[in-house]
Each structure stands twice: as structure tokens, then as C-alpha cells.
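Quick caveat: nothing in here was measured; it's all calculated off a predicted structure. Residue numbers count from 1 along this sequence.
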Amino acid sequence: MAHVTPLHLAHLPPHIQIFASLHTSVTNSPEIRSQLLASNHDYDYAFIDATTLISTTHILTAIFRAVNDWMAGRLKTRNVHSEVVFSLGPNNNIADTLRRFGISDKTTSLLAIKIIDSSSLPPQPPSTDVTSTNATTNEPTPPFAPQPHHTSEAQTQIQDFLTSSITGTAVLFTNALIQQHSDIALIRKVYKLPVPNTANAKKGGGKGGGNSVMNGAPDEKERKELEVQILGIMALKGT
């Protein structure tokens with residue numbers, strides 16, 4: 001059963017619903033990718049290779065920018081889900097960014113993001129079942145702190161779809177698990193960030209099933225500095 005985490009991002013209107021679901025040991029990425037290429041609307045998700053992410057803040061920043069551009073009518077890609085993937089990139093090359101950060105046939109660590117404008121949905125009765133989990137193991141960093149969220153019909157439908165569509169191991173969307181699957185060498189390569197002299201980093205092995213320990217994992221201070229550099233690059237894109 002897929003774990004679906006509802007996210008609330010501060011400064012976004014409450015009718016925007018955002019859900020995240022992380023999967024490891026995925027074996028059917030080629031099939032998922034083929035459905036995306038066929039424009040199957042059932043697969044209207046942002047499917048992201050999780051090895052390209054440094055932290056939960058990394059992806060939440062991309063979501064925040066994509067949703068803002070969506071609401072302002074500034075999308076550069078086909079829809080808000082492809083915009084999430086595009087927002088991760090270091091430049092405005094859409095095709096290259098979707099290739100580097102989106103799902104590939106070799107992806108084994110997969111993050112699925114679903115964004116819904118609930119103002120266009122029929123009203124739903126309130127629920128007392130609270131199932132959200134915190135997306136970080138450290139203190140949340142405003143304005144990207146996941147908040148408690150009541151289970152909705154949309155969340156149940158997303159859970160059912162991802163459970164039937166992704167062959168792999170469903171895990172919680174947490175900062176620790178995102179970091180566990182980060183391919184640090186690949187991330188540095190994509191963002192053109194130099195390897196510190198003190199880092200015991202190995203040459204990037206390519207996108208797929210990266211492991212931070214096997215790919216020159218930085219200590220917590222170095223990881224935070226890397227995250228700050230990446231977020232700065234993302235913020236400057238298109239300015």
C-alpha cells in the first residue's frame with residue numbers, strides 16, 4: 001500500500017492540495033514512463049527520480065514555485081506536474097531538465113507528487129482520520145513545513161492508483177529517506193557544483209538507484225551548504 005503524505009505549504013491558498021509518495025526498489029519505471037509519454041491523464045503526476053534530490057526542502061521549493069507559476073498563468077511546461085520537475089533544474093532547458101530529474105527507465109527510487117485544485121471539486125464531508133506525517137526528521141523550515149491534514153477522497157484515490165501502478169516498496173516521505181537515496185555525485189554534476197577537497201566523493205555513477213553513502217556522502221554541515229547552493233541556483237533561474 002502506497003504511503004501518501006498530504007503537504008500544506010504556507011502562503012499557498014487552502015484549496016491547493018499537494019500529496020507526496022515515495023517508493024524504493026521500483027521495477028516498472030519503463031512502464032510508468034511510457035504512460036507519461038503517451039499522455040495518459042491517469043498519470044498526471046510529477047514522477048521524480050529521488051536520487052536527484054538533496055532533501056525534502058529541495059522538492060518542496062520546486063513545488064512552491066511551480067504552483068505559484070500555475071496560479072499566475074506563467075507555466076513554461078505542459079502542466080503543473082511537469083512544471084514541478086522543470087522547477088528543479090538549474091537552467092531553462094526544459095527537455096534537459098525533464099530528462100535529468102524526471103523518471104527514467106532506470107529509476108529505482110521514485111517520488112510521486114500530485115497537485116489538485118480542490119476548488120473545482122465537489123464539497124466533501126469532514127473526516128476525523130488524520131494520517132499526515134512530518135516530511136523532515138529535523139525541525140521544519142517555514143514556509144515549507146508539512147502540516148496535519150484530514151484524509152480526503154482525493155488522497156484515497158491517489159493511494160489506490162499509486163499502489164496499483166508502482167511496483168516497488170512504499171516508504172514514508174521523510175527527509176531521512178530522501179537523503180538516504182540521494183546520489184550526491186550526480187547532484188553536484190547536474191548543478192555544476194565542485195567537490196570540496198575534504199569530501200571523499202566518487203565519480204557519479206549515473207541516474208537510477210543512488211546511495212548517499214556510496215556516492216561521497218557529505219556530513220550534515222556540507223549537505224546543508226550544498227542545499228543552500230542548490231536552492232540559490234533554482235531561485236535565480238529565469239530571473
Residue list, side-chain contact (heavy atoms from CB on, under 4.5 Å) with [X], at least two apart or on another chain:
| X | value |
| --- | --- |
| S25 | T169 |
| P13 | H15, I16, M71 |
| S34 | none |
| S55 | T57, H58, N175, E227 |

Verdict with reasoning, T24 to T108, per side chain to side chain contact (heavy atoms under 4.5 Å, CB included): CA-CA 6 Å; T24 63; T108 58; over 6 Å; no
Mind running ring pair (Phe, Tyr, Trp, His ring centres under 6.0 Å) on F161 and Y45 for me, showing each step along the way? CA-CA 11 Å; F161 173 77; Y45 289 75; 5.4 Å; yes
Residues forming a side-chain hydrogen bond (donor to acceptor under 3.5 Å, both in side chains) with T27, sequence neighbours excluded: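 For T27 there are no side-chain hydrogen bond (donor to acceptor under 3.5 Å, both in side chains) partners, ignoring immediate neighbours.
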Considering all heavy atoms, the nearest [X]-[Y] contact:
| X | Y | answer |
| --- | --- | --- |
| F47 | L162 | CE2-CD2, 4.3 Å |
| S87 | A62 | CB-O, 3.6 Å |
| I54 | R223 | O-NH1, 3.3 Å |
| F64 | A10 | CE1-O, 3.3 Å |

[X] side chain to [Y] backbone, donor-acceptor under 3.5 Å:
| X | Y | result |
| --- | --- | --- |
| H81 | I115 | yes |
| T167 | N28 | no |
| R65 | M234 | yes |
| E83 | T77 | yes |
| T107 | I103 | no |
| K237 | G89 | yes |

Can you run down the salt bridge (Lys or Arg N to Asp or Glu O under 4.0 Å) pairs that involve residues 20-33, sequence neighbours left out, and say none if there aren't any?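 Sorted result for residues 20-33: R33-D105.
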Are there more than 12 heavy atoms of other residues, nucleotides or ligands under 6.0 Å from atom CZ of R74?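 Result for CZ/R74: enclosed.
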